[in-house]
Amino acid sequence: MAKEITARADDYSQWYNDIVKKAGLAEHSAVRGCMVIKPYGFAIWEKMQAQLDAMFKDTGHVNAYFPLFIPKSFLSREADHVEGFAKECAVVTHYRLKKGADGEGIVVDPDAKLEEELIVRPTSETIIWNTYRDWISSYRDLPLLVNQWANVVRWEMRTRFFLRTAEFLWQEGHTAHATKEEAIAEAKQMQEVYASFAQDYMAMPVVQGSKTETERFAGAVDTMTIEALMQDGKALQAGTSHFLGQNFAKAFDVKFLNQDNKESYVWATSWGVSTRLIGGLIMTHSDDDGLVLPPKLAPTQVVIVPIPKPNETIAEVAEDIKRQLGQLGVSVKIDDDPKKRPGFKFAEYEMMGIPVRIGIGMRDLEKSVVEVARRDTKEKTQIPLDQIHQYIPALLSEIQDNLYARSLQFRKDHWRQVDDWDTFQETLEEEGGFISAHWDGTSETEKRIKELTKATIRCIPNDQPLENGSCILTGAPSSRRVLFAKAY
RNA sequence: CGGGGUGUAGCGCAGUCCGGUUAGCGCACCUGCUUUGGGAGCAGGGGGUCGGGAGUUCGAAUCUCUCCACCCCGACCA
């Protein structure tokens with residue numbers, strides 16, 4: 001057949017690459033580690049952006065834009081921060097090209113060397129806090145709640161579509177607050193926003209928690225995360241929200257006067273999600289027939305395929321359904337391309353993950369019905385024409401719910417509570433998934449576990465009750481379980 | 001960045017070991033006709049810097065060197 005994808009069971013990585021390529025989401029570019037996001041993939045990102053942006057606005061944030069380039073000296077102001085990113089920064093050293101000595105080709109003009117090199121932003125804390133210094137002088141300027149949609153560059157050694165590329169798209173929120181409590185509340189609020197988005201729109205269950213010191217963002221006091229479980233049993237960090245304390249305020253000297261005319265440093269947060277979410281979306285729902293999209297993020301929710309080649313009657317019915325559903329806010333595409341056969345279209349739209357397909361043939365119309373096929377279960381039903389406008393919106397909603405329920409069930413089936421080291425190792429090797437286990441709280445033990453099993457502590461879940469136990473590796477006392485998994 | 005692999009038409013591949021006509025095949029594409037309820041059939045047609053460069057040779061997709069890109073496995077990381 002024209003397009004076949006590798007089965008998940010045969011080669012999970014290849015399956016993932018096949019989905020990305022064959023559903024038309026992205027392809028490799030001429031630049032190492034950078035991908036081209038194709039129109040269909042970008043349309044999904046636009047759906048995500050629109051929803052997230054609305055949620056940010058609802059929580060009082062505004063958008064702005066800061067420079068792509070950061071003076072090298074800025075990056076080194078915050079010691080942990082620079083150490084965290086130094087190994088993966090792209091550096092601009094010159095600002096001009098000229099013809100080569102032989103008159104052929106083009107070379108970097110050695111006379112155009114920058115006095116201070118510029119770093120292509122791996123994240124924008126430094127340039128933003130340098131700006132905030134001028135924006136903040138009084139408690140009346142606070143809180144400052146700004147988000148930016150941007151691209152960032154992290155020079156990764158090994159890349160994968162959407163999950164890790166040298167350049168990626170994201171949003172980064174950067175907020176400034178008068179008190180520590182308020183900043184912590186902001187970071188928590190944004191973690192909650194991300195969790196709602198993941199669950200309600202992506203239909204992807206996530207665990208909310210905090211990172212250990214080892215896994216924390218460079219420069220943060222506390223990194224809060226949402227962690228999702230992929231179908232191969234590996235965890236994916238899907239979004240992070242950082243409480244930055246006064247680290248950046250001190251590094252960039254951002255102070256404000258309070259009501260008592262006393263000066264103090266500002267408290268900060270930053271938070272972000274990226275195009276990595278698309279990778280998470282793929283690996284949460286898709287199957288061996290292709291992409292599966294939750295209706296709320298599908299660029300096209302319903303596709304209508306006329307059978308056989310379109311004629312007047314069928315075309316009219318199709319247009320009528322499109323109009324009816326359009327009024328209800330459902331996005332509908334009619335594929336009346338006469339050059340492609342219905343069977344081809346069925347396979348194609350399944351590959352693209354369109355949630356619902358309506359097939360209309362003369363045989364159906366004689367009975368005043370159409371055939372409705374849902375992507376998530378592949379079930380087909382005959383639905384009377386006069387019920388379509390009620391049935392389809394309800395079905396979309398049911399698909400959305402079913403995808404979430406299915407993913408949640410998968411996570412339940414791959415979430416083990418483990419209390420002995422042998423089982424811990426076996427589980428990781430044979431099934432993967434999340435493992436809830438005791439840990440003695442030291443970075444040394446965390447590192448040792450990673451060396452031995454490749455698993456890392458994904459987070460200390462927010463709702464994890466206190467419980468006395470002993471560390472899975474060292475047996476030292478522990479007051480609470482943490483969540484382990486192999487991760488992307 | 002280390003180990004392994006791949007690179008030949010838009011996509012997937014054969015040919016490379018052992019150099020020798022005009023570089024093939026399937027899908028896709030174009031034209032026409034017939035078809036159309038799960039990836040249509042027949043006929044005709046177009047499309048190639050064999051990843052780039054250098055070298056060996058009478059002659060290179062094939063041998064040598066080098067560079068590049070991608071994939072898989074590690075280390076690093078959102």
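- Distance check on atom C1': B:rG74 versus B:rC65 gives 29 Å, rounded to whole Å.
- Taking the six-membered ring for Trp, A:Phe484 and A:Phe424 have ring centres closer than 6.0 Å.
- Closest non-hydrogen pair, A:Ala485 versus A:Ala235, comes out as CB-CB, 3.8 Å.
- B:rU31 is paired with B:rA43 under the Watson-Crick or G-U wobble criterion, all donor-acceptor distances under 3.5 Å.
- Pairing for B:rC65 is with B:rG53, a Watson-Crick or G-U wobble pair whose two hydrogen-bonding atom distances lie under 3.5 Å.
- Rounded to an integer number of Å, the gap from CZ of A:Phe346 to C1' of B:rU36 is 11 Å.
- Across the C1' atoms, B:rC42 and B:rG4 are found 47 Å apart, a figure rounded to whole Å.
- Judged by the 6.0 Å distance and 45° axis criteria, A:Arg341 is not positioned over the aromatic ring of A:Phe344.
- Here the C1' atom of nucleotide B:rC11 and the CE atom of A:Met351 are 13 Å apart, to the nearest Å.
- Using the Watson-Crick or G-U wobble rule with both distances under 3.5 Å, B:rU36 pairs with nothing in any strand shown.
- Atom CG of A:Asp289 and atom C1' of B:rG39 are 12 Å apart (whole Å).
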As a quick check of understanding, evaluate side chain to side chain donor-acceptor pair (under 3.5 Å) for A:His174 and A:Ser270, giving each step before the final call. CA-CA 4 Å; A:His174 296 272; A:Ser270 68; 4.7 Å; no
Polar pairs (N or O, both sides) under 3.5 Å between protein and nucleotides 41-49 of chain B?
none

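- In this entry the distance linking NZ of A:Lys380 with P of B:rG38 reads 7 Å, nearest Å.
- When the C1' atom is compared between B:rU8 and B:rG24, the two are found 10 Å apart, to the nearest whole Å.
- Here the two rings, on A:His81 and A:Trp129, have centers that are 6.0 Å apart or farther.
- Below 30°, between 30° and 60°, or above 60°: for A:Trp267 and A:Phe243 the angle between ring planes is below 30°, a parallel geometry.
- Between B:rG48 and B:rC25, the two C1' atoms lie 14 Å apart (nearest whole Å).
- Nucleotides B:rC29 and B:rG10, compared at atom C1', are 8 Å apart to the nearest Å.
- Side-chain contact check for A:Thr269 and A:Thr175: at least one donor-acceptor pair (N or O, by modelled atom type) lies under 3.5 Å.
- The residue among A:Gly343 and A:Leu163 whose nearest nucleotide of RNA chain B is located toward the 5' end is A:Gly343.
- Atom CG of A:Asn311 is separated from atom C1' of B:rU36 by 12 Å (rounded to the nearest Å).
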Does the protein touch nucleotides 69-77 of chain B at the base, only the backbone, or not at all? Give it as B, S and - per nucleotide, heavy atoms under 4.0 Å. SSSSSBBSB
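- Near RNA chain B, defined here as any heavy-atom distance below 4.0 Å, the residues from residues 357-379 of chain A are A:Arg357, A:Gly361, A:Met362, A:Arg363, A:Asp364, A:Glu371, listed numerically.
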Tabulate below the donor-acceptor pairs under 3.5 Å that side-chain atoms of residues 358-371 of chain A make, not counting sequence neighbours, or state none.
from	atom 1	to	atom 2	distance (Å)
A:Asp364	OD2	A:Gly361	N	2.9

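- Rounded to whole Å, the separation between the C1' atoms of B:rC13 and B:rC18 comes to 22 Å.
- Annotation for A:Lys47 and A:Ala298: closest pair CE-O, 3.7 Å, computed over non-hydrogen atoms.
- Checked against the 6.0 Å centroid threshold, A:Trp45 and A:Tyr40 do not count as a close aromatic pair.
- As a whole-Å value, the separation of A:Ile307 CD1 from B:rG37 C1' is 5 Å.
- When the P atom is compared between B:rG12 and B:rG59, the two are found 34 Å apart, to the nearest whole Å.
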Donor-acceptor pairs under 3.5 Å, side chain of residues 63-70 of chain A to any protein atom, not counting sequence neighbours: which ones?
from	atom 1	to	atom 2	distance (Å)
A:Asn63	OD1	A:Asn147	ND2	2.9
A:Asn63	ND2	A:Asp53	OD1	2.9
A:Tyr65	OH	A:Arg121	NH1	3.4
A:Tyr65	OH	A:Arg121	NH2	2.7

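- Nucleotide B:rG39 holds its C1' atom 12 Å from the NZ atom of A:Lys345, rounded to whole Å.
- Rounded to whole angstrom, the span from the CD atom of A:Glu348 across to the P atom of B:rC11 amounts to 16 Å.
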Let me see the working for A:Glu172 and A:Ser124 under side chain to side chain donor-acceptor pair (under 3.5 Å), right down to the final yes or no. CA-CA 8 Å; A:Glu172 46 181 325; A:Ser124 303; 2.7 Å; yes
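- The residue A:Thr165 sits close to a base: some heavy atom pair falls under 4.0 Å.
- Contact annotation for A:Glu215: no contact, since no heavy-atom pair falls under 4.0 Å across all strands.
- Cation-pi check for A:Arg154 over A:Trp170 is met; the charged atom lies under 6.0 angstrom from the ring centroid and within 45 degrees of its normal.
- Across all strands shown, B:rC76 remains unpaired; no Watson-Crick or G-U wobble contact has both distances below 3.5 Å.
- As rounded to the nearest Å, B:rG15 and B:rA69 have C1' atoms that lie 23 Å from one another.
- Nucleotide B:rG24 forms a pair with B:rC13, judged by Watson-Crick or G-U wobble geometry with both contacts under 3.5 Å.
- Within 4.0 Å of A:Phe217, counting heavy atoms only, lies no atom of the nucleic acid at all.
- Among all heavy-atom pairs drawn from A:Arg374 and A:Ile399, the shortest one is CB-CD1, 3.8 Å.
- Geometrically, A:Arg160 engages A:Tyr16 in a cation-pi contact defined by less than 6.0 Å to the ring centre and at most 45° from the axis.
- Across every strand in view, B:rC18 sits unpaired, with no contact that passes the Watson-Crick or G-U test at under 3.5 angstrom.
- When both pairing distances are held under 3.5 Å, B:rA60 makes no Watson-Crick or G-U pair with any nucleotide shown.
- Between A:Trp15 and A:Tyr12, the ring planes are tilted. Angles from 30° to 60° get that label.
- Annotation: proximity of residues 38-54 of chain A to RNA chain B (heavy atom, distance under 4.0 Å) is found for no residue.
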